[in-house]
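Heavy-atom basis, side chains included; hydrogens, waters and symmetry copies ignored. Quick note: residue numbers are just sequence positions, from 1. Just so it is clear, the structure is predicted and the values come from calculations on it, not from any experiment.
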Amino acid sequence: MHAAVVVFPGSNCDRDLAVAFERAGARVTMVWHKDTSMPEGVDIIAVPGGFSFGDYLRCGAIAANSPICQSVKAHADKGGYVLGVCNGFQILTETRVLPGTLLRNAGLKYICRAVPLIVSTADSPFTCGYEAGQTITVPIAHHDGNYHADAETLAALKAEDRVAFRYGVNPNGSADDIAGILSENRRVLGMMPHPERMSEAAHGGTDGAAMFTGLVRQLENA
């Protein structure tokens, strides 16, 4: 499986994502934000966490207008797989690849700690390595992780089983405790917690590793 990891000025989790994919058996190419196309044969695009462009204007707003994001959106529009983590999730909402938006945390403070996550569905390539209802521990590190959408969107996400993860204890005020959501075709995942930071024992836990190994296995067998 070939994964492309996008790099923006201010990204700080791009290498972590690359290592997590490589440990799961994928080949990884790093792609600069000013590039206008993806490498040939890319199976999944990963948009990493960090503080792209210093989070000026609005988190992810400047990055969403980078040349490479047209290719990210085109990849998603044609049914390609995309993973957006933290700032990557914010970018995917800014490009309208995923619905909703990420607001300032309800407590108006930056939060950086490991939190319990409930796997809301195992019916996706990203969550197939888990069981629905399973609780895992994954770190968060964000100031603007409060997921918000209108009532119609929230109802659709619930009815279509598109909430991938919910917080066991809501740290930021997110609607319906949402920590991650799937696209309508279930091939795009945006999530605020960082599974790549909990993908090997040296990190203090391996609960994030199943996402990458399950994803690689699914795509290789597709």
When you measure from the side chain of [X] to the backbone N and O of [Y], does any donor-acceptor pair fall under 3.5 Å?
X: Asn105; Y: Gly107; result: no
X: Thr29; Y: Ala4; result: no
X: Asn172; Y: Ser174; result: yes
X: Arg96; Y: Thr93; result: yes
X: Arg166; Y: Asp177; result: no
X: Ser66; Y: Cys69; result: no
X: Asn221; Y: Arg217; result: yes

Between [Y] and [X], is there a side-chain heavy-atom distance shorter than 4.5 Å?
X: Ile68; Y: Met38; value: yes
X: Thr95; Y: Val72; value: no
X: Met198; Y: Ile136; value: no
X: Phe165; Y: Pro193; value: no
X: Ile140; Y: Pro171; value: yes
X: Val163; Y: Tyr147; value: no
X: Val97; Y: Val82; value: no
X: Val188; Y: Tyr81; value: no

Roughly how far apart are [X] [atom1] and [Y] [atom2], rounded to 0.5 Å?
X: Asn87; Y: Met192; atom1: CG; atom2: CE; value: 8.0 Å
X: His142; Y: Cys86; atom1: NE2; atom2: SG; value: 7.0 Å
X: Ile62; Y: Glu94; atom1: CD1; atom2: CD; value: 10.0 Å
X: Leu215; Y: Phe126; atom1: CG; atom2: CZ; value: 5.5 Å
X: Ser199; Y: Leu17; atom1: OG; atom2: CG; value: 9.0 Å
X: Arg58; Y: Asp144; atom1: CZ; atom2: CG; value: 10.5 Å

Exercise. Apply salt bridge (Lys or Arg N to Asp or Glu O under 4.0 Å) to the pair Asp161 and Arg186, showing each step before the final yes or no.
Key: CA-CA 10 Å; Asp161 193 33; Arg186 315 184 80 77; 3.6 Å; yes
Self-check item: Worked verdict on Phe8 versus Val47 for side-chain contact (heavy atoms from CB on, under 4.5 Å)
Solution: CA-CA 9 Å; Phe8 299 96; Val47 189; 3.9 Å; yes
Of all heavy-atom pairs between [X] and [Y], which one has the smallest distance, and what is that distance?
X: Asp43; Y: His75; result: O-NE2, 3.6 Å
X: Thr36; Y: Pro67; result: CG2-CB, 4.1 Å
X: Glu196; Y: Cys13; result: OE2-CB, 3.6 Å
X: Ala63; Y: Ser52; result: CB-OG, 3.5 Å
X: Pro48; Y: Ser11; result: CG-OG, 3.9 Å
X: Pro99; Y: Thr153; result: CB-CG2, 3.8 Å

Is there a path of hydrophobic side-chain contacts, each under 4.5 Å between heavy atoms of I, L, V, M, F, W or Y residues, that connects [X] with [Y]?
X: Val19; Y: Met30; answer: no
X: Ile91; Y: Leu103; answer: no
X: Val216; Y: Ile44; answer: yes
X: Val7; Y: Tyr56; answer: yes
X: Ile118; Y: Leu157; answer: no

Quiz item: Which pairs with one or both residues in residues 183-222 pass ring pair (Phe, Tyr, Trp, His ring centres under 6.0 Å), sequence neighbours excluded?
Solution: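 Of all non-adjacent pairs touching residues 183-222, those that pass ring pair (Phe, Tyr, Trp, His ring centres under 6.0 Å) are Phe21-Phe212.
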Quiz prompt | Sequence neighbours excluded - ring pair (Phe, Tyr, Trp, His ring centres under 6.0 Å) pairs with any residue from residues 101-120 | solution =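 Applying ring pair (Phe, Tyr, Trp, His ring centres under 6.0 Å) to every pair that reaches into residues 101-120, excluding sequence neighbours, yields nothing.
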Self-check item: Crowding at NE2, His2 (>12 non-hydrogen neighbours, <6.0 Å)
Solution: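 Atom NE2 in His2 is crowded, with more than 12 foreign heavy atoms closer than 6.0 Å.
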Quiz item: Around Glu220, counting heavy atoms of other residues, nucleotides and ligands shown, do more than 12 lie under 6.0 Å from its CD?
Solution: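 Counting other residues, nucleotides and ligands, CD of Glu220 exceeds 12 neighbours.
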Exercise. Please say which of Leu102, Leu98, Leu189 ends up in a side chain to side chain contact (heavy atoms under 4.5 Å, CB included) with Leu92.
Key: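 That would be Leu98; it is the only one of Leu102, Leu98, Leu189 passing the side chain to side chain contact (heavy atoms under 4.5 Å, CB included) with Leu92.
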Quiz prompt | His33-Phe53 aromatic ring centre distance below 6.0 Å | solution =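 Under 6.0 Å, so yes.
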Practice problem: Name all residues meeting the salt bridge (charged side-chain N to carboxylate O under 4.0 Å, His left out) criterion together with Glu184; count only those two or more places apart in sequence or in a different chain, and write none if there are none. | Solution: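 Partners of Glu184 by the salt bridge (charged side-chain N to carboxylate O under 4.0 Å, His left out) criterion come out as none, since no residue qualifies.
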Quiz item: Going through the checks in order, is the side chain to side chain donor-acceptor pair (under 3.5 Å) test met by Thr121 and Asp123?
Solution: CA-CA 5 Å; Thr121 180; Asp123 183 20; 5.1 Å; no
